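Taking it in order: structure first as structure tokens, then the write-up.
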Amino acid sequence: MVPHAELRKRVADVLPEIVSLRHALHRIPETHFQERETSATIRAFLADSSLEILPPLLQTDTVGLLRGGSDGPCILLRSDIDALPVQERSGAAWSSERPGCAHSCGHDGHMAMLLGTARVLESFSQELAGSVRFVFQPAEEEAAGGKALIEKGLLDIAPRPAAAFALHGWPGMPVGRLSSAAGPSMAAADTFLITVRGRGGHAAFPHLVIDPVLTAARVVTGLQSIVSRSMDPQESVVLSICRIEGGKANNVIPDEVQLEGTTRYFDRSLQGTLREGIRRTVEGVCAASGCTAELVYEEGYVPLVNHQSAVDLARSVVTSCLGPASWFSEHPRTMGAEDFAFYLEKVPGALLRLGLGEEWRPLHSAAFDFNDQSLEPGIVTLSGLALEFCGK
Ligand code: NI
């Protein structure tokens, strides 16, 4: 049983240091696999702790283990550490010092909460039966970091985790409330690149060219009928074209046009239908106009599926440590993606949303900054999960 009052007191003790640390991390954002200064900051913070820190598996990751006072299961807690190529306009005094790069997804807050959790749990280590694996993971935004760490054997290192949890700050939810739900919660996200090749020439002589611009436009509209005509309307599926590029002058028809986009879905069996539908549409439309086509379809994120037992544990920890009203009952699925999904394919666990405020600025926007008021309930929850899971 988690000692709630004592837990909240110890979280309150570390909070001022964690708020400053969050601001320090916010100033030095780094994008995927470039997180060198971020990683150095994390390692410096943990340097005088009793955590056993592993040599990096991918250069910028930090993986540590806190052993409890007696034997028991291992729980994995994960924070992402990368930033986004966004020019920050949050107005915060601790705004990014790096032009064109910012913590617009709040991973600075996630890191600060997990480091605070390490401090708090260290003070409770004698009460832990088992161990806590701390994972500071690079490159979440590229669907690459989590997958790469797992391919490097992260989840096979002894002691192997029996449960895995992560938090993500969530605008649109009241401050400090938490939520999760069993089943698919975030979507799979794949990407595709289409090259439509024709034969360019003078804009005044369309009969002498094979126009890839008109053909690309037909490909765009053709692709929009895959979801509406080939998918069960009860399923949630998205296909978006996000980049179209071709030509350099207003009087020259180019040789080729490129299209790039993404697909989102919850049921992995739909990937084949999407991939095949895109291939058929691109080839058919291009053949009809005399163009040729090339399609590269790449699998990105898998769907994020929370496990019932982990959601039940989280709800019980949140309601007992923070109060019954702190568990937010609404947890709508989102077509956004998250690479914690790769952990949850291997280990039972859950991703929890942590409310940043109902009117909080959206993730990935230039105005975004993490809400410091959400740090305390975040640290209480992560610490409470470990204390409960590794309870004597
Ligand atoms: Ni994020």
Side-chain angles (χ1 to χ4, degrees), residues 22 25-26 28-35 38-39 42 58 60-62 76-88 90 92 96 98 101-115 117 134-150 164-173 175 178-180 184-189 191 262 264 300-306 331-344 349-357 360-372 374-375 377-378 381-382:
R22 208 279 288 177
L25 288 163
H26 192 91
I28 54 159
E30 294 162 303
T31 55
H32 53 103
F33 294 129
Q34 305 300 309
E35 307 96 340
T38 303
S39 157
I42 291 168
L58 301 171
T60 52
D61 58 288
T62 302
L76 182 150
L77 304 175
R78 171 277 211 173
S79 163
D80 34 21
I81 69 169
D82 55 325
L84 285 161
V86 168
Q87 180 61 45
E88 180 167 355
S90 73
S96 167
R98 304 201 163 143
C101 189
H103 269 300
S104 314
C105 200
H107 299 182
D108 53 331
H110 304 169
M111 287 183 266
M113 290 189 289
L114 193 54
L115 289 165
T117 302
F134 293 88
V135 177
F136 296 88
Q137 177 220 297
E140 190 285 318
E141 300 289 355
E142 292 292 307
K147 199 176 178 189
L149 277 181
I150 291 166
F165 289 90
L167 296 185
H168 204 299
W170 212 255
M173 249 172 82
V175 180
L178 289 107
S179 75
S180 191
S185 166
M186 298 183 76
T191 56
T262 178
R264 306 288 170 114
Y301 298 76
V302 294
L304 183 131
V305 182
N306 293 313
H331 190 84
R333 300 199 300 186
T334 151
M335 302 313 286
E338 157 66 61
D339 84 349
F340 191 60
F342 291 103
Y343 298 71
L344 299 184
L351 176 78
L352 313 184
R353 292 178 191 159
L354 171 67
L356 297 179
W360 205 252
R361 289 146 286 184
L363 296 172
H364 292 210
S365 72
F368 181 85
D369 180 30
F370 196 84
N371 189 345
D372 285 330
S374 303
L375 295 169
T381 299
L382 289 169

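We're numbering straight along the sequence, starting at 1. Since this is a predicted model, take the numbers as computed values, not measurements. Atoms within each ligand, like the ligands themselves, are counted from 1 in listed order. Just the heavy atoms: all of them, side chains too, but no hydrogens, waters or symmetry mates, feed the values below.
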With sequence neighbours excluded, residues passing side chain to side chain contact (heavy atoms under 4.5 Å, CB included) with Thr31 =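 So Thr31 forms a side chain to side chain contact (heavy atoms under 4.5 Å, CB included) with Gln34, Pro85, Cys101.
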Report the residues that fulfil side chain to side chain contact (heavy atoms under 4.5 Å, CB included) with Ala341, sequence neighbours left out, ordered by chain and then residue number.
->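 Once residues adjacent in sequence are excluded, the partners of Ala341 under the side chain to side chain contact (heavy atoms under 4.5 Å, CB included) criterion are Val302, Leu304.
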Test side-chain contact (heavy atoms from CB on, under 4.5 Å) applied to Leu375 and Phe370, step by step | CA-CA 9 Å; Leu375 295 169; Phe370 196 84; 3.7 Å; yes
State plainly whether the residues Asp61 and Arg78 are in salt-bridge range, i.e. N to O under 4.0 Å.
->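 Answer for the salt bridge query: no.
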Got a sec, which residues hit ring pair (Phe, Tyr, Trp, His ring centres under 6.0 Å) with Phe340, two or more places apart in sequence or on another chain?
->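 Counting only residues at least two positions away or on another chain, Phe340 forms a ring pair (Phe, Tyr, Trp, His ring centres under 6.0 Å) with Tyr343.
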His26 and His107: aromatic ring centres closer than 6.0 Å?
->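 No - the distance between ring centres of His26 and His107 does not fall below the 6.0 Å cut-off.
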Near the Ni ion (ligand 1), which protein N/O/S atoms are found at less than 2.8 Å?
->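 Less than 2.8 Å away from the Ni ion (ligand 1) sit Cys105 SG, His107 NE2, His168 NE2.
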